[in-house]
Amino acid sequence: MRTMNIGKLNKRITIQQEVDEVNEIGQHQKVMQDVKTVWGTVTPVRGSEFYDAQKLTEEETYKFFIRYLPDITADMFISCQGKLFQMKAIIDVDFEHKMLEIHAVERVKKVYDE
């Protein structure tokens, strides 16, 4: 049984999801919609690089710890400190419905001046 140290929940985290929206000329577009803003902890886990569409891309993996929320799914996103993270896994720690451990990645495309 793990206990949550609520004093470490010191980052403002916004859970977001992509929704379809019709703009003023009738076209469908994907927009980010806020679901919930909570306090949490952010911990970097690892970083890696790979090629995506012939561009070097960095991928950094983070763990987020927040209080339990029942309707969070892995197709959502996290906005924190001006960065956007894509959720990869959501773990209900010890199945107690007290704390969520969220694994998410931030992808950054490197741009080189030539």
Side-chain angles (χ1 to χ4, degrees):
M1 177 175 150
R2 293 187 218 172
T3 59
M4 179 183 288
N5 182 350
I6 61 171
K8 289 189 175 187
L9 302 178
N10 60 358
K11 300 286 188 267
R12 218 50 185 147
I13 295 171
T14 302
I15 309 293
Q16 298 179 324
Q17 65 182 359
E18 269 187 336
V19 294
D20 247 352
E21 189 177 85
V22 178
N23 64 15
E24 59 275 355
I25 59 173
Q27 295 176 326
H28 289 270
Q29 62 185 16
K30 299 269 186 187
V31 295
M32 298 303 268
Q33 181 181 51
D34 291 353
V35 174
K36 186 91 171 169
T37 300
V38 297
W39 289 101
T41 302
V42 182
T43 306
V45 177
R46 69 169 181 243
S48 62
E49 291 183 337
F50 61 94
Y51 281 94
D52 181 26
Q54 297 181 343
K55 291 188 180 175
L56 188 60
T57 302
E58 284 184 13
E59 181 177 88
E60 297 179 22
T61 304
Y62 291 82
K63 277 188 201 177
F64 293 84
F65 290 95
I66 62 172
R67 292 178 191 222
Y68 180 80
L69 294 170
D71 298 326
I72 303 301
T73 59
D75 62 345
M76 293 181 173
F77 296 84
I78 292 176
S79 175
C80 180
Q81 296 183 331
K83 297 179 180 181
L84 189 65
F85 303 88
Q86 182 179 3
M87 292 186 193
K88 293 294 182 183
I90 300 168
I91 300 164
D92 179 5
V93 178
D94 295 331
F95 300 103
E96 293 180 339
H97 298 333
K98 293 181 181 177
M99 178 172 53
L100 290 179
E101 178 181 323
I102 302 171
H103 295 241
V105 295
E106 176 195 16
R107 290 197 177 134
V108 180
K109 288 193 178 184
K110 290 186 175 181
V111 178
Y112 295 102
D113 294 329
E114 294 184 28

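These figures come from a predicted structure and were not determined experimentally. The chain is numbered in sequence order, starting from 1.
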Side-chain donor/acceptor pairs under 3.5 Å, residues 30-37, sequence neighbours excluded:
{"from": "Asp34", "atom 1": "OD1", "to": "Gln16", "atom 2": "NE2", "distance (Å)": "2.8"}
{"from": "Thr37", "atom 1": "OG1", "to": "Thr14", "atom 2": "OG1", "distance (Å)": "3.2"}

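- Residue-environment remark: CZ (Arg12) exceeds the threshold of 12 foreign heavy atoms within 6.0 Å.
- For residues 18-43, the set of pairs meeting the ring-ring contact (aromatic ring centres under 6.0 Å, His included) definition, not counting sequence neighbours, is empty.
- To the nearest 0.5 Å, atom CD1 of residue Ile91 and atom NE2 of residue His103 are 3.5 Å apart.
- Shown here are the side-chain hydrogen bond (donor to acceptor under 3.5 Å, both in side chains) partners of Asp75, two or more places apart in sequence or in another chain: Thr73.
- Taken to the nearest 0.5 Å, the SG atom of Cys80 stands 5.5 Å off from the CZ atom of Phe64.
- For Phe85 against Ala104, the heavy-atom pair with the smallest separation is CB-CB, 3.8 Å.
- Contact record, Ile72 with Met76: CA-SD, 4.1 Å, taken as the closest heavy-atom pair.
- In the hydrophobic clustering of this structure, Leu69 groups with Val42; members are Ile, Leu, Val, Met, Phe, Trp, Tyr whose side-chain heavy atoms approach within less than 4.5 Å, directly or through other members.
- Residues Leu9 and Arg67 are in side-chain contact: their nearest non-hydrogen atoms beyond the backbone lie under 4.5 Å apart.
- Annotation: the span from Thr41 atom OG1 to Lys11 atom NZ amounts to 8.5 Å, rounded to 0.5 Å.
- Interatomic distance, Glu101 CD to Ile66 CD1, rounded to the nearest 0.5 Å: 11.5 Å.
- Counting heavy atoms from C-beta outward, Ile78 and Ile15 have side chains that approach closer than 4.5 Å.
- The two atoms that bring Ala74 and Ile90 nearest to each other are N-CD1, 3.5 Å, heavy atoms only.
- Not a single donor-acceptor pair under 3.5 Å links the side chain of Thr61 to the backbone N or O of Val45.
- A 6.0 Å sphere centred on CG of Asn10 holds more than 12 heavy atoms belonging to other residues, nucleotides or ligands.
- Residues passing the side chain to side chain contact (heavy atoms under 4.5 Å, CB included) test with His97 are Tyr68, Asp92, sequence neighbours excluded.
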